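Here the structure is laid out as structure tokens; the discussion comes afterwards.
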Amino acid sequence: MSALSQPTRHRCFQLLVERGQASAGELAEALGTPANLLSSHLSILSAARLVTSVREGRSIRYSPDKARLADLISYLVSMASA
């Protein structure tokens, strides 16, 4: 959960969930964030296993990890009903 506590990371993850996938450049442009800063955010999201990445030529496409997203949703639902 701490990986999503920072506003830029949270918005980055939200965009990936909405779009399904995006390159780092597309995310940086949408967020108005410098690419080098966004790279560190994506590394943290990757380390938390919230996003996966696939290299396509010279760019990397990021996607939300759907299994991890389902776990996160289940956790939030359980917290809401406690």
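What you see is a predicted model, and the numbers here were worked out from it, not measured in a lab.
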Suppose we screen for side-chain contact (heavy atoms from CB on, under 4.5 Å). Which residues come up paired with Ser23, at least two apart in sequence or across chains? Glu26, Arg61
Neighbour count above 12 (heavy atom, 6.0 Å) for Gln6 CD: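 Yes.
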Tell me whether [Y] is reachable from [X] by hopping between hydrophobic residues (I, L, V, M, F, W, Y) whose side-chain heavy atoms are closer than 4.5 Å.
X	Y	value
Leu38	Val54	no
Tyr75	Val17	yes
Leu50	Ile60	yes
Tyr62	Ile44	no

Should Leu42 and Leu27 count as side-chain neighbours, where that means a heavy-atom distance under 4.5 Å?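 Heavy-atom side-chain distance check passes, below 4.5 Å.
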May I ask you to test the Leu69-Phe13 pair for a side-chain heavy-atom distance under 4.5 Å? yes
Specify the closest pair of heavy atoms between [X] and [Y], including all atoms of both residues, with the distance to one decimal.
X	Y	value
Gly20	Pro64	O-CD, 3.2 Å
Ser5	Ser2	OG-O, 2.7 Å
Leu45	Cys12	CD1-SG, 4.2 Å

Spatial distance of atom CG (Leu15) from atom NE2 (His10) [nearest 0.5 Å]: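 Answer for the CG-NE2 pair, Leu15 versus His10, is 10.5 Å.
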How would you list all residue pairs meeting salt bridge (Lys or Arg N to Asp or Glu O under 4.0 Å) that involve residues 11-20, not counting sequence neighbours?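 Sorted pair list: Arg11-Glu18.
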The criterion is salt bridge (Lys or Arg N to Asp or Glu O under 4.0 Å); which residues satisfy it with Arg68, sequence neighbours excluded? none
Give me each pair satisfying side chain to side chain donor-acceptor pair (under 3.5 Å) with a member in residues 36-52, each pair once, sequence neighbours excluded. Arg9-His41
